[in-house]
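A short write-up of the structure that comes next.
Each chain gets a letter, A, B and so on, in the order its sequence line appears, and its residues count up from 1.
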Amino acid sequence: MARGLLRHAVPILFAGLCLFGIIVAKITPPFLMSEMLVRMSRNSVLVLSLLIPILAGLGLNFGIVIGAMAGQIGAILIVHWGIPGIGGFALAWIIATPIAIVLGIATGSLFNRAKGREMVSGLIAGFFANGLYQLLFLFAVGSIIPFHSASMILPQGYGLRNTVDLNTIQYAIDGLIPLRFQMQGVEIRVPLVSYVIIVGFCLVTLWFFRTRLGQQFRAMGQDPHVAAIAGIAVERNRIVATVLSTVLAAWGQLLFLQNIGTLNTYSSHEQVGMFAIAALLVSGATVSRATVGQALLGTVLFHTLFVVSPLAGKALAGDAQIGEYFRVFVAYAVITVALVLHAWQSTRAAHEARKATR
Amino acid sequence: MAKPGIRLPGFLREFGIPRLLIAVFLVVLFAVAVATHMDLRGLISDSIVRVGRNGILVLALLPAIQGGIGLNFGLPLGIICGLVGAVISLNAGVHGIAGVGMAAGIGVALAIPVGAGYGWLLNRTRGQEMMVGTYLGFAIVSMMSVFWLLAPFKNPTLVWAIGGRGLRTTLSLGGIYDKVLDRWLTFTVSGVRIPGGTLFVFGALCFLVWLFFRTRMGITIAAARSSTRFARAAGISDERTRVQATVLSTVLAAIGIVVFSQSYGFVQLYTAPLLMAFPAIACILIGGASVTRATIGHVLVGTFLFQSILTVALPVTSQVIQGDISETARLIIQNGMILYALTRIGRT
């Protein structure tokens, strides 16, 4: 019992924190429910995209930011071509896929050159890619690359504006089968098709874990040396895992954007990695072990806190800003604690192993 | 790194392709500046001011590398200590050099226990120091954001005018100790103004760190890093030396941010320190340091190269194109350099 509690300490603590916030801010169930339904549909796929690299022993893929950029390239192009609705959204997915594959191969090769430092490399690679992304959309588009749509380009004649209006594809998936109901006088919309897609990705991920490749990934995650001796192409598989994660992140980001309806050209992607990773970790997942259930639970808990904390900050201290800083702190702190625990356990394991051989 | 088949001359290989590209880029920038008849003296002067401003933060990375911790992405921990010192000195209303001294003094006093705790944690998370440092820094910076809002400072020049509480995001140092070190000992060489005081402090600290690594303690720290087993046989615990190195790094970061702030003219709170470690790390790497070895020379060369690029890129490129490409260039150069270094660990 006590052991079980300890193992689930992180999600329990988090649920307690959320509950405390809900009570002090006097948040009503319909409000929370409508917010959560939307936020779950936005973020789940991005969190799911983290699972495969964890299975393969790459740790938390901070490089999903790069996948999100690929998704945004797709979104920008379909707005440029003026293709609306579900067709436009589908085309954005199709465009984003090969870009994400190429970027995933690049990221995966980088991880192979920086073994044991995949996470920090992924983080920095995200920053680096952000620089290239800026170079592309702030300077190359409209000057070197022909791009004729005055409404998207800055007045100087090149470079994309800070926001791209995605209203042509907004709710393309969410509203495909409109479902809404009343709850205590509040209308709640359910993005039904988005949930179908999310469930689809969950099932595919679960199925993938059971495939031959999935089993190879698991073996690599447990011990890359043994896996290599057993004839598994470790380096190649690590790239495959990164590619899968990057592609899923690109799709997830597009699903996120079609719900939001506007693209902040230069900042929508920046926080993707941090929030997805923090969401996954609050469920009690670790750097080396995470399940589909944890991804979903973590998304619920983390985004509840996200909704609640500014309101709680306002109710407690009369300042919503405190709550906003606090939730950012929680996101970073959760990641820090998970990283510390992971590193602590692996050094201890190495120490024990050394002792055992003596 | 040379591709198989192509052998670069030895000195070039040691210098590294990225460093070569960066040096060439800087030369091109200066060439454009000369060709377009820009105020070259002003550019050089600005570059030197920024070397002095950022130098100590770059120097702060050296003990961590020499101590075997690697790139200290946890630099914001020390920076926060320095900022607390600065805010306390401003709240007390201490002007001039005394104010800078007080800020740095309080910063150092805080940085010693903070650095010791950080070092202790890094000893328990070996192999993941960079990641733990990065996120510990992020977490502390955002925790301190809550603190700045709630801190019991009452000085009306520091807190928001509306509401009367919560520190402002940037605190102006005008009339308090704005550029007090920059102006002290300032002199002009053929039209180029040089902020003597700040450079003197930077130089003095470089010398002290150089000297420190020749004392018994410093040699022990470096020895424990380069040959842990021999050090252990000689009775040196590398756990201790790593903590010492971390404390020194954190202390220098605290001093560094105070010197930075007085030169910049503002104390920046809240999220400002969040990403400060990254440009500093890029500086020392551009100077020729690796994740396992760094010298004072690397600090000096790297700070000069990278800060010059950052200073010169904006005015020069704005002659050619509209818009600020310097921020984009900074992202690419800075993170490209760090990535390059991360992929080079364990190779010669």
Side-chain angles (χ1 to χ4, degrees), chain A residues 59-60 62 110-121 123-135 138-139 143 154 156-159 274 287 313 317-319 321-344 346-348 350, chain B residues 70-71 73 121-150 163 165-166 270-271 274-275 278 281 291 317 321-325 327-347:
Chain A
L60 302 163
F62 285 83
L110 174 76
F111 289 165
N112 278 342
R113 284 166 165 265
K115 282 209 186 95
R117 292 175 301 277
E118 291 91 353
M119 288 191 276
V120 67
S121 305
L123 182 74
I124 304 289
F127 293 149
F128 179 69
N130 193 23
L132 296 178
Y133 178 91
Q134 277 185 16
L135 196 64
L138 204 50
F139 298 100
S143 57
L154 288 164
Q156 66 200 13
Y158 62 84
M274 166 192 148
V287 175
D319 193 349
Q321 192 68 47
I322 291 179
E324 264 164 51
Y325 284 129
F326 180 72
R327 68 186 185 185
V328 175
F329 163 65
V330 168
Y332 286 136
V334 161
I335 300 176
T336 313
V337 169
L339 291 169
V340 166
L341 287 179
H342 170 70
W344 199 320
S346 33
T347 42
R348 197 186 288 168
Chain B
L71 307 174
F73 286 96
L121 189 67
L122 290 181
N123 270 340
R124 262 135 209 90
T125 54
R126 274 178 198 235
Q128 290 291 335
E129 291 96 339
M130 290 187 268
M131 211 56 210
V132 168
T134 308
Y135 272 86
L136 189 65
F138 286 176
I140 298 295
V141 168
S142 45
M143 189 186 86
M144 288 305 286
S145 298
V146 179
F147 171 80
W148 303 128
L149 268 180
L150 297 173
R165 54 173 249 183
Y270 297 94
T271 53
L274 196 67
L275 300 175
F278 298 97
I281 287 169
V291 179
T317 51
I321 50 167
Q322 268 184 311
D324 183 0
I325 204 169
E327 181 57 22
T328 307
R330 183 182 69 80
L331 274 177
I332 295 174
I333 295 173
Q334 168 186 313
N335 297 303
M337 196 65 226
I338 300 175
L339 276 184
Y340 175 77
L342 285 174
T343 58
R344 304 280 299 170
I345 303 173
R347 300 171 197 215

How far does [atom1] of [X] sit from [atom2] of [Y], to the nearest 0.5 angstrom?
X: M130(B); Y: L123(A); atom1: CE; atom2: CG; value: 11.5 Å
X: I322(A); Y: L150(B); atom1: CD1; atom2: CG; value: 4.0 Å
X: T343(B); Y: F111(A); atom1: OG1; atom2: CZ; value: 12.5 Å
X: L342(B); Y: R113(A); atom1: CG; atom2: CZ; value: 12.5 Å
X: F127(A); Y: L275(B); atom1: CZ; atom2: CG; value: 5.5 Å
X: I332(B); Y: F128(A); atom1: CD1; atom2: CZ; value: 6.5 Å

**Q.** Contact winner vs chain A - T134(B), N123(B), T125(B), I333(B), heavy-atom pairs under 4.5 Å
**A.**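 With the most close heavy-atom pairs to chain A, the winner is T125(B).
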Which atom of [X] lies closest to which atom of [Y], heavy atoms considered:
X: V146(B); Y: Y325(A); value: CG2-CB, 3.7 Å
X: G131(A); Y: T328(B); value: O-CG2, 3.3 Å
X: Q128(B); Y: G116(A); value: NE2-O, 3.7 Å
X: N335(B); Y: I124(A); value: O-CG2, 3.5 Å

When the side chains of residues 135-144 of chain B are checked against the rest of the protein, which donor-acceptor pairs come out under 3.5 Å, sequence neighbours left out?
from: S142(B); atom 1: OG; to: F138(B); atom 2: O; distance (Å): 2.9
from: S142(B); atom 1: OG; to: A139(B); atom 2: O; distance (Å): 3.0

Q: Measure the shortest side-chain to side-chain distance between L121(B) and V340(A) over non-hydrogen atoms and say whether it is less than 4.5 angstrom.
A: yes
N/O donor-acceptor pairs under 3.5 Å from side chains in residues 328-335 of chain A, not counting sequence neighbours:
none

Q.
With chain B as the partner, which of T336(A), L135(A), L132(A) has the greatest number of non-hydrogen pairs under 4.5 Å?
A. T336(A)
Quick one: what part of [X] sits under 4.5 Å from any heavy atom of chain A, side chain, backbone, both or neither?
X: L122(B); answer: neither
X: L71(B); answer: neither
X: I281(B); answer: neither

Toward chain B, the part of [X] with a non-hydrogen atom under 4.5 Å:
X: L341(A); value: neither
X: Y133(A); value: neither
X: E324(A); value: neither

